[in-house]
Amino acid sequence: MTMSRYEQLKHLDRTYLWHPFTQMREWMGEDPIIIERGEGHYLVDVEGKRYLDGVSSLWCNVHGHRKAELDRALREQLDRIAHSTFLGLSHVPGIELAEQLVEIAPSGLKRVFYSDSGATAVEVALKIAMQYWQLKGETARTGFASLVEAYHGDTVGSMSVGYSETFHHFHRSLLFPVLRLNPPHVFRWFKRMSEETALKSAIQEAEEKLAQEKNSLAALIAEPLMQGAAGMWSQPAVYVKALSEICRKNGILFITDEVATGFGRTGRMFACEQAGVTPDILCLAKGITGGYLPLAATLTTEKIFSAFLGEYREFKTFFHGHTYTGNPLGCAVALASLELFKQGKIIERMQPKIDYLKRRLEREFVPLPHVADIRQWGFMVGIELAEDKDSRKSYPMAKRIGHKVILDARKRGVMIRPLGDVIILMPPLTITENELASLVDVTYQSIKAVTEG
Ligand SMILES: *Cc1c(COP(=O)(O)O)cnc(C)c1O
């Protein structure tokens with residue numbers, strides 16, 4: 001008997017692959033979903049089954065799949081050149097994209113340094129900050145501060161500032177020490193404070209700790225408004241504003257990692273806008289190409305950039321780069337994506353959908369007996385499930401409740417991915433109202449089926 005195409009691919013996957021963030025023993029015992037193509041906001045597997053892409057293919061898709069304008073931009077660039085280096089040469093889409101990024105970024109960010117992923121955008125930011133202070137003669141400023149449970153990517157520097165015990169404990173000895181600040185979520189959720197007191201406590205802690213270390217810190221790095229991978233830990237916008245001001249007051253650089261929150265996710269182009277903040281360094285990736293290709297950018301102010309200027313022999317140069325830095329295909333599709341943001345009034349048209357989502361979450365999900373907390377900024381949503389809602393007692397890890405919910409949702413044609421027992425909703429920004437309604441319906445049914453079934 002000949003194997004079906006699906007069976008063949010499954011066999012090859014099990015034989016040759018090692019998937020990211022995946023327990024491969026479990027993976028090899030399950031039937032994987034193998035995606036063949038995309039249609040708008042749907043993923044289609046090799047057997048033709050369709051799934052609504054409820055987490056934007058890991059938080060990066062913006063306009064849906066096979067978007068005609070993006071496909072065209074990519075093909076046109078392919079007809080010119082797929083790649084040429086950015087080291088000692090320049091190219092058209094890289095130049096044009098930099099201008100556009102500076103135009104839409106919080107005002108004051110004037111220089112664009114490209115790389116390939118969120119993690120590298122963060123590494124670049126850390127290295128720029130570190131070198132900046134050395135060049136300025138403040139050589140004691142070598143430390144970094146970050147938020148508890150921050151996630152900044154999986155390279156060594158990014159892991160250091162974003163340490164997560166579960167993900168990174170095997171690599172701890174590689175990591176540099178970092179000053180950790182508790183964000184408001186820790187006070188509100190884990191210490192059961194009111195929103196107001198939690199915010200005050202978090203700001204007070206930041207003030208004290210940062211002032212204490214003000215002469216040794218190069219920078220504070222934070223995910224503004226929403227710590228995504230932590231399980232959607234949200235912050236009020238004033239917290240971001242406060243961090244920015246405390247940094248300024250103490251001469252510490254403020255780096256915002258908008259890898260997840262950038263490009264419309266929170267309902268504005270960048271989360272920093274909601275707080276009226278311009279960071280010293282801004283990290284972008286995920287949504288930058290509309291979710292098409294790996295590309296990242298680290299933006300800085302002219303003040304930081306100019307510290308690196310000098311004669312070659314002074315060696316002030318930022319000696320950092322990657323082979324595919326500023327890949328032209330990535331830049332071309334990123335440009336086309338930004339054009340769609342303008343033409344399609346994407347952010348404006350999200351607003352009623354954000355309200356709709358908020359309304360339904362409040363009305364239908366909050367009363368559910370095992371929904372303990374809901375956190376939302378725009379199209380970033382975390383629904384926290386708990387065994388006991390009042391005492392906030394988590395489910396035993398072995399129960400894998402979050403995992404069960406998403407498997408149930410898959411059966412109902414919706415692709416989502418949990419973070420522990422927090423169910424994440426991160427739809428493409430252009431999702432239609434009907435599609436959004438079915439994302440919410442299915443999530444509701446799956447949570448009910450698994451937690452009450
Ligand atoms: C995803 C993510 C990263 C890492 O991006 P990669 O492209 O996966 O390296 C960094 N920071 C934040 C906030 C993220 O959500």
Side-chain angles (χ1 to χ4, degrees), residues 20-22 33 41 43 51-62 118 149-153 162 164 166-167 183 185 189 223-235 257-267 271 285-287 291 350 353-354 356-358 360-362 364-366 368 370-386 394-395 397 400-410 412-429 431 435-451:
F21 280 94
T22 302
I33 291 176
H41 307 116
L43 301 165
Y51 302 91
L52 186 58
D53 190 357
V55 287
S56 300
S57 292
L58 216 70
W59 313 0
C60 62
N61 189 278
V62 174
E149 285 298 316
Y151 178 79
H152 297 293
S164 143
T166 320
F167 295 167
H185 181 77
W189 180 247
E223 296 158 83
L225 299 187
M226 199 62 125
Q227 290 181 243
M232 298 296 159
W233 287 13
S234 69
Q235 314 147 9
D257 175 353
E258 292 226 32
V259 170
T261 54
F263 300 98
R265 265 296 139 203
T266 68
K286 289 198 169 97
M350 275 176 84
K353 291 183 278 185
I354 293 172
Y356 169 84
L357 190 54
K358 191 176 170 65
R360 289 205 56 189
L361 289 168
E362 272 166 14
E364 296 163 46
F365 287 66
V366 169
L368 288 177
H370 294 284
V371 168
D373 199 24
I374 295 180
R375 303 181 283 271
Q376 179 189 10
W377 265 110
F379 272 3
M380 292 182 94
V381 174
I383 303 164
E384 180 145 359
L385 306 177
S394 316
Y395 281 101
M397 195 163 351
R400 307 202 62 203
I401 289 292
H403 186 64
K404 286 188 182 131
V405 168
I406 70 119
L407 291 182
D408 185 88
R410 266 184 205 183
R412 302 171 198 257
V414 164
M415 193 65 74
I416 46 179
R417 203 184 140 81
L419 285 160
D421 290 340
V422 180
I423 306 302
I424 306 300
L425 302 181
M426 278 268 232
L429 306 191
I431 192 169
E435 290 165 344
L436 190 56
S438 69
L439 175 63
V440 175
D441 289 343
V442 165
T443 306
Y444 181 85
Q445 287 154 11
S446 297
I447 289 176
K448 247 181 120 58
V450 170
T451 60

Non-hydrogen side-chain atoms of Val422 and Leu385 separated by less than 4.5 Å: no

His370 and Tyr395 aromatic ring geometry - parallel, tilted or perpendicular at 30°/60° bounds: tilted

Any donor-acceptor pair under 3.5 Å from Arg375 side chain to Met232 backbone: yes

Side chains of Arg410 and Ile33 in contact at under 4.5 Å (non-hydrogen atoms): yes

Check: Thr443 main-chain N/O paired with Ser446 side-chain donor or acceptor under 3.5 Å: no

Pair Arg265, Ser56: side-chain N/O donor-acceptor within cut-off below 3.5 Å: yes

Evaluation steps, side-chain contact (heavy atoms from CB on, under 4.5 Å), between Arg360 and Asp441: CA-CA 9 Å; Arg360 289 205 56 189; Asp441 289 343; 2.6 Å; yes

For the student: nearest non-hydrogen atoms of Phe379 and Pro427, plus distance: CD2-O, 3.7 Å

Exercise: identify the closest heavy-atom pair between Trp59 and Ala260: CE3-CB, 3.8 Å

Sidechain-backbone polar pair: Asp53 side chain, Leu43 backbone, donor-acceptor under 3.5 Å: no

Minimum heavy-atom distance Trp233-Glu149, with the two atoms named: CH2-CG, 3.4 Å

Heavy-atom side-chain contact between Val366 and Ile374 under 4.5 Å: yes

Backbone N/O of Met226 and side chain of Gln235: donor-acceptor pair under 3.5 Å: no

Donor-acceptor under 3.5 Å (Gln376 side chain, Gly378 main chain): yes

Main-chain N/O of Ile431 paired with Lys353 side-chain donor or acceptor, under 3.5 Å: yes

Residue pair Thr261 / Glu258, side-chain donor-acceptor N/O under 3.5 Å: yes

